[in-house]
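Below, chains carry the letters A, B, ... as their sequence lines are ordered, and counting in each starts from 1.
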4 protein chains.
Amino acid sequence: MVNKNVLNAMAETIKPLGKKTVKQEQILDAAITLFAEKGYSNTSTAEIAEVAEGTIFKQYGTKENLLLSLLVPFIKDFLPVMADELVKELMNDDISFEEFLRSLFKNRTAFFLENREVFQIFIKELIYREDLKNELLPYIIENASSGFIKVIEIFQKRGELVDKEPEFILKTLSTVISGFFISRFVLLNRHSISDEEIDGITFSILNGIGKVDSITT
Amino acid sequence: MVNKNVLNAMAETIKPLGKKTVKQEQILDAAITLFAEKGYSNTSTAEIAEVAEGTIFKQYGTKENLLLSLLVPFIKDFLPVMADELVKELMNDDISFEEFLRSLFKNRTAFFLENREVFQIFIKELIYREDLKNELLPYIIENASSGFIKVIEIFQKRGELVDKEPEFILKTLSTVISGFFISRFVLLNRHSISDEEIDGITFSILNGIGKVDSITT
Amino acid sequence: MVNKNVLNAMAETIKPLGKKTVKQEQILDAAITLFAEKGYSNTSTAEIAEVAEGTIFKQYGTKENLLLSLLVPFIKDFLPVMADELVKELMNDDISFEEFLRSLFKNRTAFFLENREVFQIFIKELIYREDLKNELLPYIIENASSGFIKVIEIFQKRGELVDKEPEFILKTLSTVISGFFISRFVLLNRHSISDEEIDGITFSILNGIGKVDSITT
Amino acid sequence: MVNKNVLNAMAETIKPLGKKTVKQEQILDAAITLFAEKGYSNTSTAEIAEVAEGTIFKQYGTKENLLLSLLVPFIKDFLPVMADELVKELMNDDISFEEFLRSLFKNRTAFFLENREVFQIFIKELIYREDLKNELLPYIIENASSGFIKVIEIFQKRGELVDKEPEFILKTLSTVISGFFISRFVLLNRHSISDEEIDGITFSILNGIGKVDSITT
DNA sequence: GATGAATGAGGATTCATTCAT
DNA sequence: CATGAATGAATCCTCATTCAT
């Protein structure tokens, strides 16, 4: 597992959390809103600091560091549930894969809704910056893959998933899940997701949109 | 159908096409490469104009206009095949939906590969700019929907697609297709897509990843 | 004698000496080291105050005043020995001019070595600031001249110095002595001066570098 | 001979000379005057650019580079005459060392008067910046030493200089010469040097200030 | 008395755009 | 038409100084 400490390295450069002053909170909130709306590059530090611009730099050193200060906690929260903790959620009961998938969508939807703006910033910056992409994407993929592959294998044994390579199933899942969240929260800037929509995408992932008796494989 | 003339409005502001001089081509090429690599905001006109910066403004008026000058032809090419012309492709023979879907993926893959960089620019700017998003997205969705809904209804009549609302099927298709291309070409910056990958995603869309006899609907 | 009270005026603006707290000592020490190394302009008060920046301003009012607070005691120590006290050192015994000169060099070398950093700050700021230069240089020159001229006249009477205008001899001495200390301690940042070097420059000042029997005067 | 190409390295980073536009000349002139008067650190680029600040950066890239652009030509002119070309000046006739020394002072005085402000900038920056000092001083010393040592040896053979180590004589000369020019042009900001003053320092260097028949060595 | 967060004026630098040649 | 020097507003960042705790 390469680059395991990318996030730790990033985390070390940012301000220790918890010690936030009122001003710091104001800055972070303004930064999140503006970065999400207009993007990091198109937001000036003058806009973020409603009062004194210098305060930003006293607190965060650089504009870049301010960005990391709001991204790192998000990523640290965002990753685990994509992997190890996900397995735990499964172990304690014998839910079906459909239930598992639906609860995954609901859980992540809730998380992204809570962090909608930071998620937007994350995706937007990820797309723009080669460095972030090269450092984080492999790490995220690696991190998420290991947990998911296990889950897929478990459900294959239970006979709930097609007998294809787990990697094939993972690829399909990644494409649909990432497509679902990115299109809803980043492209369409949705502020809510209905249960029906989650049920719908869960159904489609499991059953496909083809009629069962017409499958031409 | 709202905003039908968004593109025409955009097109009118840009230089008439076809009259491209050598200089213009140089500028366009450099702009495409740089915008795709670093993003519009992070590319300066000085970088684009290897020689005379003034030429850009003589030719395109503003940097914004240079961006539109390379996006508009792409969008004009990109949209039709998502809609009307797609239907024509269907009419003349009685291919299965699977074949239709596969050829759609292949066709769009070829198109995006040919215009990989402009596609990246398009998506990146779409994500970043509220204005572009608000003007283009509804138009694209509208435009693509009408054609697709017809196709879906045709295949439903032929019994190849599940008996759900065409809009439901369209939503699934949009999510997966947009997810597929954005993840491959923008997030992962792929330079090629294998036939196996297309076969794979086509299969998954049609059949899902659940085992047929375990479907819990 | 113009500007006789330049130093007193400067001294009045600064904190009364002797009452130095631990904190003040820390600040002064840090300031001396940093000012000497990087110069006054290139040292920020944040660097000087390892802990609380406010303390500097509580103690010294302004950064400028902190500079004066460390320069004034140095200048007050530095000047007298160049003048009056120098004469006293002569009166009680009948040393030769060579011995006098050598002991002057040794005395000043010891003093500058003890205050190497403050001497560097003094010269660097003197060179940079027209105001300091215009206020201090005439005062220093005046102050030092009067004492030295007396000494020179004494030694001329004893027949140990050439029969030129005392002002001429003073000018030569000033040039060489200032050149010696500035080149060693400021330009070359020497941390020690050997006795041989002092003997050498003393010899050259007295005898010149020309061969006695070839003098073309 | 180490660092022989320090200057070349510096020279490569700066704008090629000769292509100066009117604006560039204005900027250089303003920069020289202001840097000499207030020092590099205390001069803002806004002050230098009477019209558009951006022009400085279009032309010189950075403020630092502007400094080098005016220092490098000076240093390139300043160094040679301290060394090799000096020897040539000697070869063609059999002047006495006194005449040589006087003409050296006159030559350098004329040069420094012509470049008074740049010389001030040079010395002021040399004193302040460790990096410049560490790179240039050894180079200058090396460069000047080799030429001077030869000259000293020639005159020692002619019996015009004391029979001490050439290095000893060089050290004395360096101290007095650098002291002379730095005190006159940098500390005292003189705008002219009289022939009498040059004759005086030349005399003192050669004969010393001690009375010949009282030498106690 | 000490602290350090907050301040805001000022500084170096960037960059889209203009215009004289 | 093409050029590239000149522009100046805007940007990120620094820093001496203030002030509430």
* Does some side-chain heavy atom of B:Glu64 sit less than 4.5 Å from a side-chain heavy atom of B:Tyr40? -> yes
* Structure fact -> From CZ of B:Phe35 across to C1' of E:dC15 the rounded distance in Å is 13 Å
* Between A:Glu47 and A:Lys38, is there a salt bridge with N-O shorter than 4.0 Å? -> yes
* **Smallest separation among heavy atoms of B:Leu126 and B:Leu137, with atom names** => CD2-CD2, 4.1 Å
Would you list the protein and nucleotides 15-19 of chain F atom pairs, both N or O, that sit under 3.5 Å from each other?
from   : atom 1 : to      : atom 2 : distance (Å)
F:dA16 : OP1    : C:Thr43 : O      : 3.4
F:dA16 : OP1    : C:Lys63 : NZ     : 2.8
F:dA16 : OP2    : C:Thr45 : N      : 2.6
F:dA16 : OP2    : C:Thr45 : OG1    : 2.8
F:dT17 : OP2    : C:Lys63 : N      : 2.9

* Asked: E:dA6 phosphate, OP1 or OP2: any side-chain N/O from A:Gln59 under 4.0 angstrom?
  -> yes
* Asked: Want to know the stems of DNA chain E: at least 3 consecutive Watson-Crick or G-U pairs with distances under 3.5 Å, which are they?
  -> E:2-21 with F:2-21
* To do: Give a yes-or-no answer on whether the side chains of B:Asn189 and A:Glu130 include a donor-acceptor pair shorter than 3.5 Å.
  => no
* Check the distance between F:dG8's P and D:Ile27's CD1 and give it to me in whole angstrom. => 13 Å
* Structure fact -> Only residue of D:Asn115, D:Leu71, D:Ile127 satisfying side-chain contact (heavy atoms from CB on, under 4.5 Å) with D:Phe122 is D:Leu71
* **Test item: D:Ile56 and D:Lys63 side chains (from C-beta on) under 4.5 Å apart, heavy atoms** => no
* Between A:Val22 and C:Ala52, which has a closest nucleotide on DNA chain E that is more 5'? -> C:Ala52
* Identified side-chain contact (heavy atoms from CB on, under 4.5 Å) partner of A:Ile27 from the options A:Leu70, A:Leu66, A:Thr45 -> A:Leu66
* Could you state the CD1-C1' distance from B:Ile56 to E:dC15, rounded to the nearest angstrom? -> 12 Å
* May I have the distance from D:Lys23 (atom NZ) to E:dT21 (atom P), rounded to whole angstrom? => 14 Å
* Are B:Glu53 and B:Lys58 close enough for a salt bridge, meaning some N to O gap below 4.0 Å? -> no
* For the pair made of CG in B:Leu66 and P in E:dC15, what is the distance, rounded to whole Å? -> 16 Å
* Partner of A:Tyr60 by side-chain contact (heavy atoms from CB on, under 4.5 Å), out of A:Leu28, A:Leu67, A:Leu68 -> A:Leu28
* Asked: Given atom CD of C:Gln24 and atom C1' of E:dT3, what is their separation to the nearest angstrom?
  -> 16 Å
* Whole-Å gap separating P (E:dC15) and CG (B:Leu34) -> 12 Å
* **Interatomic distance where CD belongs to D:Glu50 and C1' belongs to F:dT7 [whole Å]** => 15 Å
